[in-house]
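Notes for the one structure printed next.
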Amino acid sequence: MWDCHRQQHKTKNAIEGWHNKFQTILSKPHPKFRNILLALIDESKYSDFLRSRMEINLEGKKRVRKYVQLDERFARAVRAYEDTKDIKKCLTSLA
């Protein structure tokens, strides 16, 4: 399964893609509980597989530098907000 807590997703595309894939797997408007459970178990195994590939960097792809820098800037702004609770300063640093 996926967990977006403390993640820096900027769009819902990944979640919408997962939902579409899951609906395709079930392929019924009202599937039986057992089929839903089996599909969730399979998806959990697949997610674990993808996470392990990412951890050992089998893909070998590096992120574009400007996006890494944007993520770092975003993380700094969020940390600063958590420390000061100054929303105006946080939004200004993100603009």
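Owing to the predicted nature of the structure, the values given are computational and were not obtained by experimental measurement.
Of the possible donor and acceptor atoms, none in the side chain of Ser44 sits under 3.5 Å from a partner among the backbone N and O of Leu40.
Atom CD of Glu43 and atom CG of Leu38 lie 13.5 Å apart (nearest 0.5 Å). The CD1 atom of Ile36 sits 12.5 Å away from the CD1 atom of Ile25 when rounded to the nearest 0.5 Å. In this structure, the separation between NE2 on His19 and OG1 on Thr24 is 10.0 Å, given to the nearest 0.5 Å. Taking CD of Gln69 as the start and CD of Glu72 as the end, the distance is 7.0 Å to the nearest 0.5 Å.
Nearest heavy atom pair, residue Leu26 against residue Asn35, reads CD2-O, 3.9 Å.
The residues Asp48 and Arg51 are annotated as salt-bridged, a charged nitrogen and a carboxylate oxygen being separated by less than 4.0 angstrom.
Around atom OH of Tyr46, no more than 12 heavy atoms belonging to other residues, nucleotides or ligands sit under 6.0 Å away.
In this structure, Phe33 is a member of the same hydrophobic cluster as Ile41, with clusters built from ILVMFWY side-chain heavy atoms closer than 4.5 Å.
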